There are 2 protein chains.
Amino acid sequence: MVDRRRQQIIEMACKRFADKGFIGSSMRDLAADMGLEAASLYTYIKSKDDLLEDICFSIGNKLINAIAEVNDIYFNAEEKLRMAIKNHVEIICANPQASKVFTHEWRHLQEAKKTEFITLRNQYEQGITEIIDTGITEQIFIEDDKRFAVLTILSAVNWISEWYNPQGKMKPNEIAQKLADFVFTGLKKTI
Amino acid sequence: MVDRRRQQIIEMACKRFADKGFIGSSMRDLAADMGLEAASLYTYIKSKDDLLEDICFSIGNKLINAIAEVNDIYFNAEEKLRMAIKNHVEIICANPQASKVFTHEWRHLQEAKKTEFITLRNQYEQGITEIIDTGITEQIFIEDDKRFAVLTILSAVNWISEWYNPQGKMKPNEIAQKLADFVFTGLKKTI
DNA sequence: ACTTTTGCCTAACACTTGTTAGGGTACATG
DNA sequence: CATGTACCCTAACAAGTGTTAGGCAAAAGT
């Protein structure tokens, strides 16, 4: 059951990294959270960097898969963007701590992995951009500044992990709904 | 000229903290950037925490002053919000690195200062909320979810420091203009 | 000329960091 | 009973941390 224990450690690391940051979290603190000594962690993980990579790419891959699915299945641009936002919000709300790590701590990845990560992120950004493009072609979105629109949408979505409270009244699909509405009336052509 | 040298150190610290994070930056690295030994820094600063406090509250106070000014002078809610966004964007673009520290590194402040910081941030958030309130009273903004609107606006504005490039084509007032437009057509009642 | 101040240095402190080596105990399998 | 293995330990390492003490040389002030 090495994998199971490893997963527990990663979950605990998410909490610590999200709260104190990657560098601000020591292996001894993390071990203490698990009721272990620091050295014992190394039965289950390769290194501290290993933890960060796992967390960052776990969220990254979830997002990439989600956007790929959307761009494969849904045709209408509005539907696509709504679906993409919904997926993104749900991924963040299902993994709020990991998402904070994904957003804030990726820069501490080893150089090679950092490059790989940035490529993944650009790929996702490209996925969103394609949806906007479709909307412009369909003439339901105003063409003004594509990149600006994408960045603003992504910032709003990414920031959710900063304030989202699983115990709060606002549920993920409600958040997605509101956010999409907000974004749309800012993008849609109103004759 | 102790103050002048201190300011140079703080500027350099901004770069390092923005890039490597507060904990990821050592005093020896910072000193090396300045062409000094670590111990020499302490002629000009009290401690490492001192640096972080200075940076965080410098930006924080700029923002607070800006919102106070807006809420004192401008009457129309749309004008107020446009002005508030413009001020915020300009503060961020004038101090992109310090702004990144303000957004990402405040959690490493000492407990007392952290509380003070959060109060300041809430105060700013309150300032924006008041503008939205005015707009609702003036019946030019849709009342849906105030707090959600405020959070989305703030996330979009704060994220600017993540991608803003002083050498890029997009100038601060252009960014403010676009962002305000984006926000408005999402808030304004279009009958 | 002498004194003070400025601006930096080296050395050291006490402690924390990620990680490895090697061992020991409890339990399952033969 | 013997063997293996799952699970965790202590001890230690080499390196890096923020910070203080005390000193030395050049410049400035008198």
Side-chain angles (χ1 to χ4, degrees), chain A residues 1-57 101 104-114 117, chain B residues 1-57 101 104-114 117:
Chain A
M1 289 287 121
V2 172
D3 285 356
R4 167 125 185 73
R5 201 87 175 103
R6 179 187 157 90
Q7 213 49 46
Q8 291 175 348
I9 293 172
I10 289 174
E11 261 179 55
M12 198 61 96
C14 275
K15 279 189 201 168
R16 274 226 162 261
F17 291 177
D19 195 32
K20 310 280 178 190
F22 175 68
I23 308 210
S25 309
S26 81
M27 296 303 276
R28 282 167 180 84
D29 290 341
L30 175 56
D33 288 343
M34 297 288 302
L36 295 179
E37 290 300 313
S40 306
L41 296 172
Y42 289 82
T43 314
Y44 309 100
I45 63 160
K46 227 181 60 197
S47 65
K48 194 189 178 186
D49 294 310
D50 185 30
L51 284 170
L52 184 61
E53 287 169 22
D54 196 301
I55 297 168
C56 287
F57 283 95
V101 178
H104 298 311
E105 306 298 327
W106 60 269
R107 59 178 162 169
H108 295 116
L109 287 167
Q110 307 262 58
E111 217 55 45
K113 286 284 169 185
K114 183 161 40 173
F117 179 89
Chain B
M1 289 289 122
V2 172
D3 285 356
R4 167 125 185 72
R5 202 86 175 103
R6 180 189 156 90
Q7 213 49 47
Q8 291 175 349
I9 293 172
I10 289 174
E11 260 178 56
M12 199 60 98
C14 275
K15 279 190 201 168
R16 274 226 161 259
F17 292 177
D19 195 33
K20 309 281 178 191
F22 176 68
I23 308 209
S25 309
S26 80
M27 296 303 276
R28 282 168 180 82
D29 289 342
L30 176 56
D33 287 343
M34 296 288 301
L36 295 179
E37 289 301 313
S40 306
L41 296 172
Y42 289 82
T43 314
Y44 310 101
I45 62 160
K46 226 181 62 196
S47 65
K48 195 189 179 187
D49 293 309
D50 185 30
L51 284 171
L52 184 60
E53 287 169 23
D54 197 301
I55 297 168
C56 287
F57 283 96
V101 177
H104 297 311
E105 306 299 326
W106 61 269
R107 59 178 160 169
H108 295 115
L109 287 167
Q110 307 263 56
E111 217 55 45
K113 286 284 168 183
K114 184 164 32 175
F117 179 88

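Model, not experiment: these values are computed from the prediction. In what follows, every chain begins at residue 1, and chains take the letters A, B, ... in the order their sequences are listed.
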Inset, instruction - Apply salt bridge (charged side-chain N to carboxylate O under 4.0 Å, His left out) to B:R6 and B:D54, showing your working. - result: CA-CA 11 Å; B:R6 180 189 156 90; B:D54 197 301; 2.7 Å; yes

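With sequence neighbours excluded, the residues that form a ring-ring contact (aromatic ring centres under 6.0 Å, His included) with A:H104 are B:H104. Residues passing the side chain to side chain contact (heavy atoms under 4.5 Å, CB included) test with B:T43: none are found, sequence neighbours excluded. For B:E11, there are no side chain to side chain contact (heavy atoms under 4.5 Å, CB included) partners two or more places apart in sequence or in a different chain. With sequence neighbours excluded, the residues satisfying side chain to side chain contact (heavy atoms under 4.5 Å, CB included) with A:Q7 are A:I10.
Rounded to an integer number of Å, the gap from NZ of A:K46 to P of C:dG18 is 16 Å. Spacing between atom OH of B:Y42 and atom P of D:dA21 amounts to 13 Å, rounded to whole angstrom units. If you take CD1 of A:I9 and C1' of D:dC7, they are 11 Å apart, rounded to a whole angstrom. Across the protein-nucleic acid pair, A:K48 atom NZ and D:dA15 atom C1' stand 15 Å apart, rounded to whole Å. As rounded to whole Å, 15 Å separates atom P of C:dG7 from atom CZ of B:R6. C:dT17 atom P lies 12 Å from atom CG of A:L30, rounded to whole Å. In this structure, the CD atom of A:Q8 is 13 Å from the C1' atom of D:dC7, given to the nearest Å. Protein atom CG of B:D49 is 12 Å distant from nucleotide atom C1' of D:dT19, rounded to whole Å.
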Inset, instruction - Heavy atoms under 4.0 Å is the rule here; annotate nucleotides 8-16 of chain C 5' to 3' with B where the base is hit, S where only the sugar-phosphate is, and - elsewhere. - result: BBBBB----

Using a 3.5 Å cut-off and no angle test, enumerate the donor-acceptor pairs between side-chain atoms of residues 17-35 of chain A and protein atoms at least two apart in sequence or in another chain.
| residue | atom | partner | partner atom | Å |
| --- | --- | --- | --- | --- |
| A:S25 | OG | A:R16 | O | 3.4 |
| A:S25 | OG | A:G21 | O | 2.6 |
| A:S26 | OG | A:R28 | N | 3.4 |
| A:S26 | OG | A:D29 | N | 3.0 |
| A:S26 | OG | A:D29 | OD2 | 3.3 |
| A:D33 | OD2 | A:R16 | NE | 2.6 |

